[in-house]
There are 2 protein chains.
Amino acid sequence: MSRRKECTPQQLKELILSNAGRIIAQHGRSGLTARALAEAIHYSPGTIYNVYEDLDALMVDVNYETLGRLQMYCQQKIAILPTDFSRVRGLAYAYADFAHQNLRAWEAVYAPNRKMEHDNAPALPEYYQQRLTDIFLVVETTLIDCLNLSQPAAYSSARLLWACLHGITVLSLNGTLGLVGAEQPYAMIDDLLEQYLARYL
Amino acid sequence: MSRRKECTPQQLKELILSNAGRIIAQHGRSGLTARALAEAIHYSPGTIYNVYEDLDALMVDVNYETLGRLQMYCQQKIAILPTDFSRVRGLAYAYADFAHQNLRAWEAVYAPNRKMEHDNAPALPEYYQQRLTDIFLVVETTLIDCLNLSQPAAYSSARLLWACLHGITVLSLNGTLGLVGAEQPYAMIDDLLEQYLARYL
DNA sequence: CAAAATATTGAACAATGTTCAATAAAAAGG
DNA sequence: CCTTTTTATTGAACATTGTTCAATATTTTG
């Protein structure tokens, strides 16, 4: 069975990817089932497997796209800020804001793949790694431009700050910290930045 | 069908819990299926549901136990250290070590529950919250004893440090940071502690 | 010892990821 | 224009999962 060819393979892949992203934004990773996605794109479940190896491979592309939006969001937020500490803070806030505003997509980036549980987890593709590097580059550049960090210091500080931001965001969102009020993550970020970066201020 | 009653309900619950913990330690959250667990305890799948509402409720108890071991591990590690900065560092290392040595159990603590994806997630039971509070108390006490922090400062610094430690550990383990070598997390922790706590040293 | 309460079962259901022979449409060849 | 080959798509089928619950075996009660 078949229909008239309505999409190029590339268009079909984009159709799958965009609908997967929408489903995840609405219902989270667990809402993305082969059948739900097939219905959304008006194809059958089998078609998805002609385009993607499996749903985990699809998730890699969805997460890649999410990270791209994160990077864009951060870059836009800091572009309008002065080249000083306030830009560093704006960058940190941007990460927390993005996680809040794109909660389910952001969670999916760090959700463990259902199959391989850390044994023989397939290495992420090179272009995905490159995107992570690009994001860190935004942080490094900000530290260098705003606080005059050296390249090596910026490299390690960028990764450390990003990791701390990530931890604050994770534990804030899942309630581990037992804190209330939406302002708490920002207060924690302020505290972190002011103390950690004190010697550069 | 039934057999002679071999366990008290309490013993049965402990049998389920301990075997669930062992399976998770070996095969991760995804390895814990109702049927695999039933086979391990030599009961049928249905029996598990006489004791626990569902597998997510069982996971709460498994995670509660994991957090208890984390607390014990941290307390033992710092007990032998002097009451100064080296104890704070030892506590931070203990968290990273525990996560490495109990990777799958530790991951399960932060794994999203399959069903409720952040909509109507059932609040964690009070005793679970209490355990989190107890763990933070260890950190707070360490900061007060070793670095003379005030109570309010210890409260917020404990939560911030814990969150940062968590982020460093998560991103180190999943490879996001693109770093190699097992020493990297320790170097990051050293950097974090020395900078963040500089004013107290 | 009969009756009520309890513990345990395992078959059954719905939902999932995934596969793949079958098939309809399109493209290529003559 | 028809035949053949290639391609795109399907949806039924399989294995596995979480979960339920009437049936049943055992224990307890009276």
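In the text below, chain A, chain B and the rest are named by the order of the sequence lines, each starting its count at 1.
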Rounded to whole angstrom units, what separation is found between the OH atom of B/Y43 and the P atom of C/dA7?
11 Å
Ignoring the backbone of A/A34, work out which of C/dT8, D/dT19, C/dT18 is nearest its side chain.
C/dT18
note: B/M59, atom CE; D/dT19, atom P; distance rounded to Å ~ 13 Å
A/L177 versus A/Q184: any side-chain heavy-atom pair under 4.5 Å?
no
Does the side chain of B/Y43 reach to within under 4.5 Å of the side chain of B/I48, using non-hydrogen atoms?
no
Base, sugar-phosphate, or nothing: which does B/L32 touch, judged by heavy atoms less than 4.0 Å apart?
sugar-phosphate
Round to a whole Å and report the spacing from CG of B/D56 to P of D/dT17.
16 Å
Check the distance between C/dT19's P and A/D54's CG and give it to me in whole angstrom.
8 Å
When all nucleic acid strands are considered with a 4.0 Å heavy-atom cut-off, which category describes B/T33: base, sugar-phosphate, or nothing?
sugar-phosphate
Steps toward side chain to side chain contact (heavy atoms under 4.5 Å, CB included) verdict (A/L171, A/N174):
CA-CA 5 Å; A/L171 297 194; A/N174 80 358; 4.2 Å; yes
Scan the side chains in residues 138-149 of chain A for donor-acceptor partners under 3.5 Å anywhere in the protein, sequence neighbours excluded, and list what turns up.
residue, atom, partner, partner atom, Å
A/E140, OE2, A/R159, NH1, 3.2
A/T141, OG1, A/L137, O, 2.8
A/T142, OG1, A/V138, O, 2.8

Here the distance between atom C1' of D/dT17 and atom CZ of B/R29, to the nearest Å, is 11 Å
Nearest heavy atom decides the nucleotide; on that basis, is A/S44 or A/R35 closer to the 5' end of DNA chain D?
A/S44
Take atom CD1 of A/I48 and atom C1' of D/dT10, then tell me their distance rounded to the nearest Å.
12 Å
N or O in side chain of B/T47 less than 4.0 angstrom from C/dT9 OP1/OP2:
yes
Whole-Å distance separating the OH atom of B/Y49 from the C1' atom of C/dC13
13 Å
Start with the C-alpha distance between A/L197 and A/L161, add both sets of side-chain angles, then the distance that settles side chain to side chain contact (heavy atoms under 4.5 Å, CB included), and finish with yes or no.
CA-CA 10 Å; A/L197 297 174; A/L161 282 178; 4.2 Å; yes
Spacing of B/L12 atom CG relative to C/dA7 atom P, expressed in whole Å
10 Å
Would you mind telling me which of D/dT19, D/dT10, C/dT18 lies closest to the side-chain atoms of A/L55?
C/dT18
